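Bear in mind the structure is a predicted one, so any value in this text is a computation, not a measurement. In what follows, chains are A, B, ... by sequence order, proteins preceding strands, each numbered from 1. In what follows, every heavy atom counts, from backbone to side chain, and hydrogens, waters and symmetry copies are set aside.
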Amino acid sequence: MAEKPYDHNAIEEKWHARWREDQSIYACDWTSDKPKYYVVEMFPYPSGKLHMGHVRNYSLGDTLARYMWMRGYNVFHPIGWDAFGMPAENAAIKNDMHPRQWTRDNIANMKRQLVRLAISYDWNCEVSTCEPEYYRWNQWFFLKMYERGLAYRKKALVNWCPECATVLANEQVVNGCCWRHETTPVEQRELDQWFLRITAYADQLLDDMKQIEGGWPERVLTMQRNWIGRSEGAELDFGLEGRPGKIRVFTTRVDTIYGATCVILALEHPLVKELVSAGTALEVKKLIDERANQDPGQLIKKGLFTGHHALNPFSGERVPIWVGNFVLMGYGTGAIMAVPAHDERDFEFCTQYGIAIRPVIRPQGGTLADPPKEAFTEYGIVENSGPWSGLSSEEARRQMAAHARSKGFGEPAITFRIKDWGVSRQRYWGTPIPMIHCPACGLVPVPEADLPVELPLEAQITGKGRSPLENVPRFVNVNCPKCGAAARRETDTMDTFVDSSWYFYRYLDARNGAQPFDSARAAQWFPIDQYIGGVTHAILHLIYSRFWTKVMRDIGLISTDEPARNLFTQGMVLKDGSAMSKSKGNVVDPDEMTAKYGSDTCRLFVLFAAPPERDMDWQESSVEGQFRFLSRAYRFVTRNLERTTAGAAPSTEADRKALRKLHQTLKKVTEDFDSRWHFNTSIAALMELLNELTSLEKDMSGGVLAESLEKFTLMLGPFAPYVAQELWEDLGRTGPVFRQSWPAFDEELAKEEGAEVVLQVNGKVRSRMIVPFGTGKEELEKRAVADEKVHAQVAGKQVVKMIVVPDKLVNIVVR
RNA sequence: GCCCGGGUGGCGAAAUCGGCAGACGCAAAGGACUUAAAAUCCUUUUUCCGGCAACGGGAGUGCGGGUUCAAGUCCCGCCCCGGGCACCA
């Protein structure tokens, strides 16, 4: 019996080499007639090295992919690179290295790591978003959106560092200052920027959630619902006293309008300039600057009286017009009617400035609190509101909005919190926006035939100035495609969320030079069966890609409304209670772990540490346990190889026990795969099985040994592909483990010999007994009372009640 | 402030439908093998009380109540930790 030591290096190198020779091992079979299974893990940003969050994400996806292959599915499991973005530019500045070179080097290294971890990717379909063959389709989509009015240009504020003389991304602003000049306050500048009209799809983004409910975590849907922020109310016009014009406000509570005691404009509201004196305008400007450098959560409410009055369209009452720093220009109409009695913010503001507070809603069955001590914000009964008095809030909202419409001073309205998606970036390492500015023709799209607009590689990246592209004459100077005159090319590049909005469609057809992808193939493979990634992308990426899918549908490329039927959000990998990050210096490099213990151990470790949806605190100590398990498994199988006899019937008591445990394990692991992916318990079950088999080893006969070794190896396959493959070969079998069929379990064999019934007295366990399954209630009662230990507890007391759960327990209640 | 998660031994965790709390693993302690160490194997390991011991008894899943024959699991009220949103009218 030649037991072999577990030489993980030799085993992993051997299979690593063989698999690398056969590039097609994980390739998708596009002609297969098996049911499809499309599994995607969120692609990584090529920062240079995989971190443990990646290892967790990809091990999870891989384990699932291998299982689905074994279940007979035609699996498509691709990967790519989210390869545009700022770090490449920063590296270029720091190390004098071209972003493209830096990115490609990083990709090569991370690809090596993924292959080493034996993640089963179809490398034929690899996608890298920084290559023209990919980003040309970003440009193509942009043109399609422009045609449809979904891409447009407007002025918007950007963060500007006067020291760098450059635009900063939001994440480069730290405490209101530049990340490189920590004492230089960031200024707000207005620039023309490109936007995508995601708001046109706001209702669909909400409604189509019906299609993915149940498949997506509820909390992701909730976060998206809040982000979209649909609210129903009314827009109303307050007339201006003594001058023409009006102020339009949005409110969800028309029913409170008789309690409106002032109108408040946002600081940037266009009317402010008209209404206030030069002196007040200066004060307003001050408030704007003050707010720019403040944490929005800590903002202290401030405001100014404009000196003018507005007229309440319902009551005709004259109310003062204020400006307030807490009124958002970007939401609703940029102006509100303040009802301090029924809104906390208005209450705070009006109390502070001595503005009248007038309650008009009383709680159902309660009385009007006058003067109120705090805002009553719930619905109730309308009071002191002319003809509307006595109505419920709900009824008043409906009737009053309708009344406003019939009188022409307003109408029911729906407002969204979500804003159009600003995609302009004044950066180099991104997709050039395919537009041309012609002095004669204005904005002219680059003709489709001229795509891609390639990034000029010679641009100098200095971290200064508006955009590196502006200093590349070859890029900037073009002839207008319409009139032929000298024109300027747009130098803004696209947000990298554009790249990631549709990459999983490109996987299907990664080398297509004529279209973004083949529609017929997309119809066959979409929606994605399982998308896996971090919950950090719950909002942006996952909303943008849903939006993109709908646009592609409207263009006619696909016919589905949603990109992914199921989404799984894995937990974060934490160290000392917070996320691993370079700045905290607590990053763990997977290479170290693979070098020491091997990839199989590393994979097992991340899956075993916690259930996948939960955050996992980094506790490296348990890695030894995983290594020991694989080591024991390997030795167990190899030393028993020669004892196996195929087909021999079970003969010993040990055989029966081993078979029972084997089939119980098969059942457990299969159920974990088919439900919640708690692979920590699957691996624990495999450990239990190995422990049991080891203790029965000597008394097991050849037939049961053969079955046990084979099925154990197959079950190990999705988790630890290298060692499973090695054992498979040792067992004299051929072909990849993940192409074998997943072993079925036999419910009969898995059954225990008898049911263990717990005997309780007053809810406390006093004894237990083994009875045949299905033993009747009366029989159980009889046996329970006869039990010695139970008897000792019951003796001398009165039995009040007996609860019997067949095959489970008997509880005797005594007094 | 609002909306989600989560809180179980020294540690990671398990208990999937209200029915044996702590599976599996780590760490620790003791032992076997060894000249020795590593590796491996065996034993103990929630806690308190009694006992030389087999064993017996009590407590115990963040805190306080409740429902139930029975609660980690369900209900009510709190505390703490993590995440998201945060003047969205």
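- To the nearest angstrom, C1' of B:C24 lies 11 Å from NZ of A:Lys668.
- Ring geometry for A:Trp677 versus A:Phe679: interplanar angle under 30°, hence parallel rather than tilted (30 to 60°).
- Atom-to-atom, CZ of A:Arg225 to P of B:C4 comes out at 12 Å; the value is rounded to the nearest Å.
- A distance below 6.0 Å separates the ring centres of A:Phe409 and A:Phe314.
- Spacing between atom CG of A:Leu607 and atom P of B:C26 amounts to 17 Å, rounded to whole angstrom units.
- The cationic group of A:Lys301 does not satisfy the cation-pi geometry with A:Phe349, failing either the under 6.0 Å distance to the six-membered ring centre or the 45° limit from the ring axis.
- When the C1' atom is compared between B:A32 and B:A37, the two are found 15 Å apart, to the nearest whole Å.
- A:Lys419 and A:Thr199 are not linked by any side-chain donor-acceptor pair at a separation below 3.5 angstrom, with hydrogens and angles left out of the test.
- For a distance-only test at 3.5 Å, the side chain of A:Glu756 qualifies as a donor-acceptor partner of the base of B:C20.
- Because its NZ or CZ atom is not both nearer than 6.0 Å to the ring centre of A:Tyr634 and within 45° of the ring axis, A:Lys4 does not count as a cation-pi partner of that residue.
- Consecutive pairing runs in RNA chain B reach the stem threshold at B:1-7 with B:79-85, B:10-12 with B:24-26, B:28-32 with B:40-44, B:46-50 with B:55-59, B:62-66 with B:74-78, where a stem means at least three Watson-Crick or G-U wobble pairs with distances under 3.5 Å.
- When the P atom is compared between B:A29 and B:U35, the two are found 24 Å apart, to the nearest whole Å.
- Electrostatic pairing of A:Arg358 and A:Glu317 counts as a salt bridge here, judged by a charged N lying under 4.0 Å from a carboxylate O.
- Distance A:Tyr6 OH to B:A39 P: 17 Å, rounded to the nearest Å.
- For a distance-only test at 3.5 Å, the side chain of A:Lys301 qualifies as a donor-acceptor partner of the base of B:C87.
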